[in-house]
Amino acid sequence: MEQVLSLSSHVNDNFTDYIDFWRHNRWWLFDRPEIMLEIAHEQKIDTTGLTLFYYEAFDHEYDADEGIWRQIEPDDGCATQVEVPKVKSLRGYDVVTYEMRNAPECSPLSCNCMAQELP
């Protein structure tokens, strides 16, 4: 079975509209899985079948207008103390736009259906 495991919520729904809870970090994600599970428990959200992923980001972004790579800077409005999992396994890669700096946006692999064309 093939899966598209995209950070973008255009293909995979977020577990809830989590931004309203203001427990996300500077990348508008979560520092620890427990934070997501606490929100789900508080909101009585069924987590059956929920799969949590840990993402690592490349620290540069490509500026197509300038034709250069530059250091990516997340939103300054929230603290970030990401807990790295004790065990990690690579499931794949994703490309995600972050132009507005207030949440992960589109993924060309899923939003533009590139995952169907690329091996």
Side-chain angles (χ1 to χ4, degrees):
M1 177 169 104
E2 291 187 32
Q3 296 177 308
V4 176
L5 304 172
S6 175
L7 181 57
S8 170
S9 63
H10 293 109
V11 172
N12 302 301
D13 294 333
N14 291 325
F15 73 102
T16 190
D17 188 8
Y18 68 87
I19 292 174
D20 291 340
F21 297 99
W22 287 95
R23 291 165 69 183
H24 54 273
N25 62 28
R26 294 176 61 196
W27 297 99
W28 293 68
L29 300 170
F30 295 94
D31 289 334
R32 300 180 324 280
E34 292 81 16
I35 297 170
M36 295 174 68
L37 296 174
E38 287 169 9
I39 293 170
H41 178 74
E42 291 165 8
Q43 299 301 309
K44 298 178 177 33
I45 298 169
D46 183 11
T47 58
T48 304
L50 181 69
T51 303
L52 303 178
F53 289 94
Y54 166 77
Y55 286 90
E56 293 184 359
F58 184 59
D59 62 354
H60 282 72
E61 63 185 346
Y62 186 71
D63 183 326
D65 294 333
E66 299 288 325
I68 60 169
W69 287 91
R70 64 174 179 210
Q71 186 84 27
I72 190 168
E73 296 294 330
D75 177 45
D76 285 336
C78 303
T80 298
Q81 295 179 335
V82 175
E83 181 180 292
V84 178
K86 292 178 181 143
V87 177
K88 299 185 285 184
S89 65
L90 181 62
R91 294 294 301 267
Y93 299 91
D94 200 3
V95 177
V96 180
T97 61
Y98 192 66
E99 187 173 355
M100 301 306 292
R101 303 286 192 259
N102 64 357
E105 298 159 351
C106 291
S107 165
L109 294 174
S110 56
C111 298
N112 298 348
C113 301
M114 292 301 296
Q116 295 173 359
E117 297 178 29
L118 299 171

Pairwise distance [atom1]([X]) to [atom2]([Y]) - rounded to 0.5 angstrom:
X   : Y   : atom1 : atom2 : value
R23 : R32 : CZ    : CZ    : 9.0 Å
L37 : E42 : CG    : CD    : 11.0 Å
E34 : E83 : CD    : CD    : 5.5 Å
Q43 : D20 : CD    : CG    : 9.5 Å

Is the backbone N or O of [Y] less than 3.5 Å from a side-chain atom of [X], with the two atoms forming a donor-acceptor pair by type?
X   : Y   : result
Y18 : L29 : no
D31 : Q81 : yes
T80 : N25 : no

Closest heavy-atom contact between [X] and [Y]?
X   : Y   : result
T47 : A40 : CG2-CB, 3.6 Å
E61 : Q71 : OE2-O, 4.3 Å
Y62 : G67 : OH-CA, 3.3 Å
F58 : I72 : O-CG2, 4.0 Å
L52 : M36 : CD2-CE, 3.7 Å

Notebook entry, point to check: Do the side chains of Y54 and V82 get nearer than 4.5 Å, heavy atoms only?
Noted result: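 A side-chain contact exists here, since the closest heavy-atom pair is under 4.5 Å.
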Next item on the list: Consider only side-chain heavy atoms of I, L, V, M, F, W and Y, link residues closer than 4.5 Å, and tell whether W69 and V95 are in one cluster.
Entry: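 They do not share one cluster, since no chain of ILVMFWY contacts under 4.5 Å joins W69 to V95.
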Next item on the list: Give me the ring orientation class for W22 and H24: parallel if the planes are under 30° apart, tilted from 30 to 60°, perpendicular past 60°.
Entry: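 Answer is tilted, since the angle falls between 30° and 60°.
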Margin query: How about NE2 on H41, more than 12 heavy atoms from neighbouring residues, nucleotides or ligands closer than 6.0 Å, or not?
Written below: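 Counting neighbours around NE2 of H41, 12 or fewer heavy atoms of other residues, nucleotides or ligands fall under 6.0 Å, so no.
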